[in-house]
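Single-structure report; data block below.
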Amino acid sequence: MKSDLHFSHNELQEYVHSVFGYNYHAAEQTRMQGGAQKVIYKINFTNGFTCLLYIWDISSNYFQDELLEESTFQNSYGSSLFSMNTVFLRNHGIRTPALYDMRNGRNGFEFDFALVEYIEGQPAESYFQHPNIPDKHALFQEIGSMISTMHAIGREQYGKADDDKMKEIPCFKLKQDDAINALCYASKHIAMIKENHDHLLHKLAQLESQIRLRSHHHLIHDELGPNHIIIDHKMQPYLIDIEGAGFFDLEHEHSFLKLRFGEYYRYFEQENLDSARLSFYRLCHHLSLTSGGLKLLHRQFPDRQFARKLAAYHARQAIEMLSHNRD
C-alpha cells in the first residue's frame, strides 16, 4: 500500500489552479484516515477554502485482488461510478457532496482523481449519543426521509444507473455467489467457520430457495452505514462513498441498515419488505463482513483492532443464524 502523497505540492498546485483559478493556493494536503478502496486527502487553501481530493489508485486499494478477479466486486469501485452516481443522486434530490472536477487517467498519472466538496461535520453515528433528544429525533427523521426518497426511485431491471439491460440471473444470485466466496475465505482462517462450513452453505441455499422472483428494483446505496452519512452544521445529512449505488433488492439495503443502525433502524423501517430476502441478505452480509474484516487484517489495514473485531463479530452472528431465523 502507498503511504506517500500521490501529488507533490507543485503538482497539486498546478491542478487546483486549473480548476479553481490562480487565487486558490493549496496550503496543505492531509491524508484522511479510513477508506479501504480509495484514498482521500483534505486540501486547505490560504484563502480559507477547503475541499477533498479523491484518489482511485488500485495499488492503494485493500481489495485490489477482488477487483482484478471478480466482476461483481467492480460494481462498487471507480471514478466513473462516483461521477455518474453523484449526478444521478443530486438530480433526484439526494444530498451528496458536489463534484468540482474529475480527471480519468489524464495528465500522465496512473490513477484517477477528483476534487470534491468538503462537508464540515460529523458522521451520523456520532449523534447516537447526542444529549438533545428532540434534535436527535429530528435529525434521524431527516435522514430517514432522505433514504426513503432514494429508495422510492425504482425501475424494472437491477444494475447501475446507466445499465437497465435485461439480466440473465436475478440479483440475489450474485450475492449468493459472493457469500460462497466469502465463506470459503473465512473458513480458512476461523475455526468455527471451518467447522460449520457445510452447515452455513446449506443455510445459505435454504434461505435462497425461499425467495420468489420479482420484476421491480429500487435505488440503494449498497453499503449504508452511519459512517457513510455526514451531518453538516445545519444538521443536514449527506451521503458519501456512493460508488456502489444502483438498483437492487430493497431488502439488501434494509438488512444492512438494521445491522449498522441498531435501535435507530426504526427511522428506516418500511412495510411490505420480503422476510425471505431479509434473512438471506442478512447471512450474506455476515459472511461478507467476516471475510472483509479478515482481508483487511491480512493486508495490513491501519486499524487492525477494527478489522479483527469486524471479522470476529460477524463470524459469531453467522453461526448464530444456523439456529435462529432473523428478519
Hey, mind stepping through Y118 and E120 against side chain to side chain contact (heavy atoms under 4.5 Å, CB included) and telling me if it holds?
-> CA-CA 6 Å; Y118 172 65; E120 186 170 2; 3.8 Å; yes
Closest non-hydrogen atom pair between [X] and [Y], with its separation:
{"X": "F140", "Y": "A124", "value": "CZ-O, 3.8 Å"}
{"X": "K173", "Y": "I169", "value": "CB-CD1, 4.1 Å"}
{"X": "I190", "Y": "A315", "value": "CD1-CB, 4.0 Å"}
{"X": "L250", "Y": "Q270", "value": "CD2-NE2, 3.3 Å"}

Path from [X] to [Y] over hydrophobic side-chain contacts below 4.5 Å:
{"X": "Y313", "Y": "L310", "answer": "no"}
{"X": "L224", "Y": "I119", "answer": "no"}
{"X": "F248", "Y": "L213", "answer": "yes"}
{"X": "Y238", "Y": "L89", "answer": "no"}
{"X": "I153", "Y": "I242", "answer": "yes"}

Atom [atom1] in [X], atom [atom2] in [Y]: separation rounded to 0.5 Å?
{"X": "S323", "Y": "K203", "atom1": "OG", "atom2": "NZ", "result": "8.0 Å"}
{"X": "L289", "Y": "C284", "atom1": "CG", "atom2": "SG", "result": "11.0 Å"}
{"X": "L278", "Y": "L273", "atom1": "CG", "atom2": "CG", "result": "5.5 Å"}
{"X": "I230", "Y": "Q122", "atom1": "CD1", "atom2": "CD", "result": "7.5 Å"}
{"X": "H285", "Y": "D178", "atom1": "NE2", "atom2": "CG", "result": "11.5 Å"}
{"X": "M102", "Y": "M84", "atom1": "CE", "atom2": "CE", "result": "11.0 Å"}

Side chains of [X] and [Y]: closer than 4.5 Å at any heavy-atom pair?
{"X": "I94", "Y": "M146", "value": "yes"}
{"X": "D101", "Y": "R103", "value": "yes"}
{"X": "H298", "Y": "H189", "value": "yes"}
{"X": "M321", "Y": "R282", "value": "yes"}
{"X": "K188", "Y": "L294", "value": "no"}
{"X": "L115", "Y": "L52", "value": "no"}
{"X": "L296", "Y": "R299", "value": "no"}
{"X": "Y185", "Y": "L183", "value": "no"}

Pair E28-N44, side-chain donor/acceptor within less than 3.5 Å | yes
Modelled atom types, side-chain donor and acceptor of Q206 and H202, under 3.5 Å |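 Note: Q206 and H202 side chains miss the donor-acceptor criterion.
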Is it true that a side-chain atom of [X] and a backbone atom of [Y] form a donor plus acceptor pair closer than 3.5 Å?
{"X": "R155", "Y": "H216", "result": "no"}
{"X": "Q157", "Y": "D164", "result": "no"}
{"X": "E251", "Y": "D274", "result": "yes"}
{"X": "H252", "Y": "K175", "result": "no"}
{"X": "R304", "Y": "L297", "result": "yes"}
{"X": "R277", "Y": "R212", "result": "yes"}
{"X": "N196", "Y": "L200", "result": "no"}
{"X": "T86", "Y": "F82", "result": "yes"}
{"X": "T149", "Y": "S145", "result": "yes"}
{"X": "H221", "Y": "I240", "result": "yes"}

Ring centroids only, cut at 6.0 angstrom: are [X] and [Y] within range, meaning strictly under it?
{"X": "H254", "Y": "F268", "answer": "no"}
{"X": "F20", "Y": "Y100", "answer": "yes"}
{"X": "Y158", "Y": "H217", "answer": "yes"}
{"X": "F128", "Y": "Y264", "answer": "yes"}
{"X": "F49", "Y": "F45", "answer": "yes"}
{"X": "Y267", "Y": "H137", "answer": "yes"}
{"X": "H218", "Y": "H151", "answer": "no"}

Any ion pair linking [Y] and [X] (charged N to carboxylate O, less than 4.0 Å)?
{"X": "R260", "Y": "E253", "value": "no"}
{"X": "D198", "Y": "K194", "value": "no"}
{"X": "K165", "Y": "D163", "value": "yes"}

Carefully, step by step, assess D112 and S80 under the rule side chain to side chain contact (heavy atoms under 4.5 Å, CB included).
-> CA-CA 9 Å; D112 297 347; S80 59; over 6 Å; no
Taking atom CD of E14 as the centre, report whether more than 12 heavy atoms of other residues, nucleotides or ligands fall under 6.0 Å from it.
->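 It does not: E14 CD has 12 such atoms or fewer within range.
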Stepwise, does the side chain to side chain donor-acceptor pair (under 3.5 Å) test hold for H25 with N47?
-> CA-CA 7 Å; H25 303 284; N47 62 1; over 6 Å; no
Start with the C-alpha gap between R95 and E142, add the side-chain angles, then the distance that decides, and say whether salt bridge (charged side-chain N to carboxylate O under 4.0 Å, His left out) holds.
-> CA-CA 11 Å; R95 292 189 200 93; E142 176 66 21; 3.3 Å; yes
Taking it one step at a time, do K38 and I55 satisfy side chain to side chain contact (heavy atoms under 4.5 Å, CB included)?
-> CA-CA 6 Å; K38 64 176 176 284; I55 304 286; over 6 Å; no
Going through the checks in order, is the ring-ring contact (aromatic ring centres under 6.0 Å, His included) test met by F113 and H6?
-> CA-CA 10 Å; F113 51 95; H6 283 77; 9.7 Å; no
Tell me, with the steps shown, if E263 and K258 meet salt bridge (charged side-chain N to carboxylate O under 4.0 Å, His left out).
-> CA-CA 8 Å; E263 64 176 288; K258 195 169 185 178; over 6 Å; no
From CA spacing to verdict: side chain to side chain contact (heavy atoms under 4.5 Å, CB included), F280, Q210 | CA-CA 9 Å; F280 170 76; Q210 299 172 10; over 6 Å; no
